[in-house]
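A quick write-up on the structure given underneath.
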Amino acid sequence: MIILVSNDDGIQAKGIHLVVEALQGLGDIYVSAPDQEQSAASHSITVNQPLRAKEVEFPGAVKAWAVSGRPADCVKLAIEHNFIEKPDLVISGINHGANIGTDILYSGTVGAAMEGYLCGSSAIAISQCSKKVSMDYGAAFLRRLVEGWLEQADRPRIMLNVNIPPLPAEEIKGFRWTRQGWRWYKNAFEERQDPHGKPYYWLHGDAYDADDDGDTDCSAIAAGYVSVTPLHNDMCDHAALARLAANSFIKE
Ligand code: MN
């Protein structure tokens, strides 16, 4: 099995090293990750400047590249430019911070995994919700998840978004399969003044979860469970499509 590992916190981040360590023995592991932090890069790619890929030493990996681009660039370049054979599995993380609810749309961690999914591999994005808690539980959970996926006879292509609650290992209650919730922010921007008296703005809000009826990723995390959400690249609202096709408001 070929596993490609990436992230959005940069190739030096602790989380990506824990992933490679946790998956030892399950396959040939390759790393292609940004040469600096790219959090909140979403699924963006680089089109107006060249990409550089520097081969670097990475303990536990067959080969590794530090790429001067976005998380999705790293995955796309490694697969589409044949740095490696097509991976069976692309893993992105472990991210330092939550990627739940609508925050998924901004996430570079999820962007890298989604690129792997678009390239035809199965993909897992994994995040630890607190930067202050050990990532060891998340690394062990990832190993269990990958082993379970490997044992499936048909191994259907799947894209999963995993979040580990911000708790010490002994307080985590288990895991739940969840749907994507809705996360928004109060006081999203803080206004300050620069030395010239002009205002500037810094994104820094207090998260709150709407649409929280108990089966979302946000509610699983709040209740102390690992959240596992299957994702898809299809952004079409199929219910709206059926409704609009039957009763269009655009005049012929
Ligand atoms: Mn990040």
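As the structure is a prediction and not an experimental result, all values here were calculated from the model. Just follow the structure's listing: the first ligand is 1, and inside any ligand the first atom is 1.
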(request) Could you pull out the N/O/S protein atoms under 2.8 Å of the Mn ion (ligand 1), ignoring any water? (result) D8 OD1, D9 OD1, S39 OG, N95 OD1

(request) Determine which pairs satisfy ring-ring contact (aromatic ring centres under 6.0 Å, His included) with at least one residue from residues 7-45, sequence neighbours left out, and list them in order. (result) H17-F58

Would you confirm whether [X], through its side chain, and [Y], through its main-chain N or O, come within 3.5 Å as a donor-acceptor pair?
| X | Y | value |
| --- | --- | --- |
| R143 | Q24 | yes |
| T46 | Q49 | no |
| S227 | N163 | no |

(request) Taking the side chain as every heavy atom from C-beta outward, state whether T109 and P71 have any atom pair closer than 4.5 Å. (result) no

(message) Between the side chains of K186 and D206, is the shortest nitrogen-to-carboxylate-oxygen separation below 4.0 Å, so that they form an ion pair?
(response) no

